[in-house]
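Following: one structure in structure tokens, then a few remarks.
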Amino acid sequence: MTMKLVLEHLYLVLLSVLFSTAVGLPLGIFAYLNRPARKVVLWASEVLQTIPALALLGMVMVLFGAGKPTVIIGLVLYSLLPIVHNTFLGLDNINPGIKEAARGMGLSKWDRLFSIELPLAFPMVFTGIRIATVTAVGVAVFATSVGGGGLGSIINQGIRTQNMRLIFSGTLTLMAMAVVFDAGMALIEKRMNRRATH
Amino acid sequence: MIRFEHVTKKYGDSVILDDLSFEIKEGEFAVLIGPSGCGKTTTLKSINRLIEPDAGHIYVNGKDIAETDPVKLRRSIGYVIQQIGLFPNMTVAQNIGVVPKRLKYEKSEILKITRELMDMVDMSYDEYGHKYPSELSGGQQQRIGVLRALAASPPIVLMDEPFGALDPMTRSSLQEEIIRLHKKLHKTFVFVTHDMDEALKLADKIIFMEGGHIIQMATPEEMLENPASDLIRSFMGKRAADSAPVQLTAADFMRPNPISVYKNRGIRECTEIMARRHIDSLLIKNDDDTYAGVVSVNSIKRSGKTTGPIGEVPLSENAVSYVTEDAMESFDKLLNSDKDYVVVLNEDDTIAGIVTKTSMAKAMADALWGDAQ
């Protein structure tokens with residue numbers, strides 16, 4: 001096992017979560033603002049999540065060829081659900097009194113969204129990002145099957161050579177990575193919630 | 001200032017506002033009241049276009065608001081709601097400055113306004129300005145809610161049951177403050193409530209609604225004196241006199257069934273009764289139950305008698321009223337006599353009751369503050 005593989009794995013995870021947020025946040029906002037489109041957006045992100053990760057990566061590979069871009073596209077699609085859903089829920093669950101006050105005082109739709117609704121929804125959105133990140137750490141294991149590298153290759157190698165130590169070292173590293181991400185982001189989340197509820 | 005012309009609003013088949021026309025004058029404190037579903041909140045929210053009517057026109061300052069940009073319109077109309085709705089991600093000062101900031105006031109100007117407003121409700125800027133809404137009590141939060149609505153100095157302020165969720169003590173102190181603010185700022189306030197006490201306390205004009213109509217629009221006094229319907233009367237409870245004070249008779253205020261004895265009862269027995277009941281006089285009646293007079297402990301003492309029928313003691317003459325007599329006249333008699341009570345008689349001269357100074361005071365209290373029971 002080399003540091004290179006760990007970094008490669010991290011690179012895949014972080015880049016895909018970044019893109020996933022960049023796509024999922026606007027989609028969640030869109031679902032919140034546009035009532036007719038809401039069902040379609042939420043349903044589509046759910047359907048993506050039900051496709052087995054390996055199959056999804058395989059399909060993307062058929063379209064885009066093997067390599068890192070394929071892994072990242074697959075991971076992005078797979079991480080969309082928690083981010084889109086949490087963004088939508090975070091916005092939708094804001095106390096209606098706050099929304100009414102904002103509207104009644106003459107804040108435009110976008111002003112309300114950026115000055116009040118998104119800041120209030122952000123802790124919830126961040127929870128979505130955390131879930132997406134932890135999931136991506138695990139799913140990125142399949143990257144190796146579509147030529148993306150990462151820690152999955154160690155496990156794969158271990159399985160092929162029936163080397164328990166190799167499998168274990170890969171798995172433990174992955175678990176440690178997931179735990180660190182989860183705990184670290186949970187800490188940030190707690191801080192945000194404290195500020196929000198003050 | 002605010003004029004409704006044939007405004008109608010329907011949700012499906014149910015008519016919320018039914019051809020509503022009325023006017024609220026500049027500087028007036030108008031209170032919309034009525035049972036739930038009467039359309040009072042819908043009326044309020046049509047003024048800042050949170051609700052759009054299906055038909056009719058609403059004019060603010062002579063301009064049809066349907067032709068005004070809703071965002072601009074709302075920035076010129078203050079809005080306070082029951083849920084308070086302070087923005088939790090902003091400090092108290094930022095909350096107050098929301099509208100001025102959007103109207104592009106200078107920062108220093110916003111700060112000055114914020115300080116002035118907070119001083120008006122005795123919450124100093126230095127102490128509270130940088131706190132978050134969740135650090136304040138409910139009453140403090142709604143004070144800030146009101147200030148936020150006033151910050152850009154709008155000529156009109158709409159308030160939708162603003163004190164409905166507060167405890168009675170806080171509510172009443174906020175009511176005092178809102179009256180003070182209204183007097184000081186000379187703005188047009190439109191206030192929705194379902195609490196008649198609140199309406200009577202605050203309003204220059206009460207607008208009573210039912211089923212999307214205005215049943216009565218009057219000053220609190222007018223409404224108290226002449227409620228236009230039984231529903232309004234019931235809303236006001238005992239406050240509205242069932243009959244005007246001039247029609248009240250002695251019978252309404254007397255204490256019925258005073259202690260009375262027949263003339264032929266023994267003196268000793270009578271003093272016994274007085275001692276037991278802690279009273280110093282007795283009503284004496286003839287054999288046919290008609291009123292004969294009053295005997296007091298003093299007159300018994302003065303007569304020197306200890307035995308024999310009470311009728312032999314000289315009876316004193318208390319003032320007498322009849323049950324149908326105007327209450328005011330029997331009060332006058334009581335005040336002009338040196339006795340503690342006026343005897344009230346039925347038409348057939350039998351004893352009906354007595355009017356004491358206590359019953360008079362109670363009558364006045366009832367008339368002023370409603371029946372306490």
Side-chain angles (χ1 to χ4, degrees), chain A residues 21 25-26 28-29 32-36 83 86-130 185-198, chain B residues 41 44-51 68-92 94-103 130-136 141-142 144-146 148-152 154 157-162 164-165:
Chain A
T21 307
L25 192 67
I29 294 171
Y32 167 66
L33 294 177
N34 191 323
R35 202 170 275 274
I83 296 176
N86 279 30
T87 303
F88 167 72
L89 285 178
L91 292 168
D92 201 48
N93 285 345
I94 294 169
N95 176 343
I98 292 170
K99 291 184 190 172
E100 196 193 320
R103 213 157 80 89
M105 288 169 56
L107 272 61
S108 68
K109 183 163 139 185
W110 294 105
D111 191 1
R112 289 200 302 272
L113 184 71
F114 288 111
S115 314
I116 293 153
E117 293 168 348
L118 273 178
L120 292 180
F122 194 71
M124 186 84 175
V125 176
F126 192 78
T127 307
I129 297 175
R130 175 168 68 97
M185 290 174 88
L187 200 76
I188 299 173
E189 220 177 285
K190 221 166 139 187
R191 281 205 170 156
M192 278 195 296
N193 276 323
R194 206 167 42 223
R195 243 189 50 202
T197 52
H198 237 297
Chain B
T41 298
L44 186 89
K45 288 186 181 175
S46 347
I47 299 172
N48 64 0
R49 290 189 65 185
L50 285 180
I51 291 175
T68 318
D69 171 41
V71 168
K72 269 195 193 140
L73 176 78
R74 289 172 196 156
R75 286 179 185 175
S76 68
I77 298 177
Y79 190 48
V80 186
I81 56 174
Q82 182 175 359
Q83 307 93 309
I84 303 174
L86 292 180
F87 306 133
N89 55 324
M90 298 182 190
T91 62
V92 164
Q94 286 170 333
N95 264 285
I96 296 176
V98 161
V99 180
K101 187 177 162 191
R102 274 145 188 89
L103 292 171
H130 298 288
K131 288 198 167 159
Y132 282 88
S134 53
E135 295 174 274
L136 308 181
Q141 286 186 22
Q142 193 55 300
I144 301 304
V146 172
R148 183 175 64 172
L150 293 170
V157 180
L158 309 179
M159 291 179 254
D160 188 3
E161 299 201 34

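A, B, ... follow the sequence lines: proteins, then strands. Residue 1 opens every chain.
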task: Identify which part of B:Ile77 has an atom lying under 4.5 Å from any heavy atom of chain A, answering side chain, backbone, both or neither.
output: backbone

- request: State, to 0.1 Å, how close A:Gly106 and B:Val71 come at their nearest heavy-atom pair, and which atoms those are.
  value: O-CG1, 3.3 Å

side-chain hydrogen bond (donor to acceptor under 3.5 Å, both in side chains) partners for A:Asn86, two or more places apart: none

message: Quick check on B:Lys131: does its NZ atom have over 12 non-hydrogen neighbours (other residues, nucleotides or ligands) under 6.0 Å away?
response: yes

query: Which heavy-atom pair separates B:Gly85 from A:Ala101 by the least distance, and what is that distance?
result: O-CB, 3.4 Å

field: Residues from residues 107-117 of chain A approaching chain B under 4.5 Å (heavy atoms)
entry: A:Leu107, A:Ser108, A:Asp111, A:Ser115, A:Ile116

statement: Residue set satisfying salt bridge (charged side-chain N to carboxylate O under 4.0 Å, His left out) with B:Glu161, at least two apart, ordered chain then number -> none

task: Give, as side chain, backbone, both or neither, the part of B:Leu158 having an atom under 4.5 angstrom from any heavy atom of chain A.
output: neither

Chain A contact via B:Arg75 - which portion, at a heavy-atom distance below 4.5 Å: both

- line: So, the part of B:Val98 with a heavy atom under 4.5 Å from chain A: the answer is side chain

task: Can you see which heavy atom on A:Glu100 is nearest to which on B:Ile81, and at what distance?
output: OE2-CG2, 3.7 Å

- prompt: Tell me, do B:Arg148 and A:Met105 make a side-chain contact under 4.5 Å, heavy atoms counted?
  reply: yes

- prompt: Which residues in residues 87-99 of chain A have a heavy atom less than 4.5 Å from any heavy atom of chain B?
  reply: A:Gly97, A:Ile98

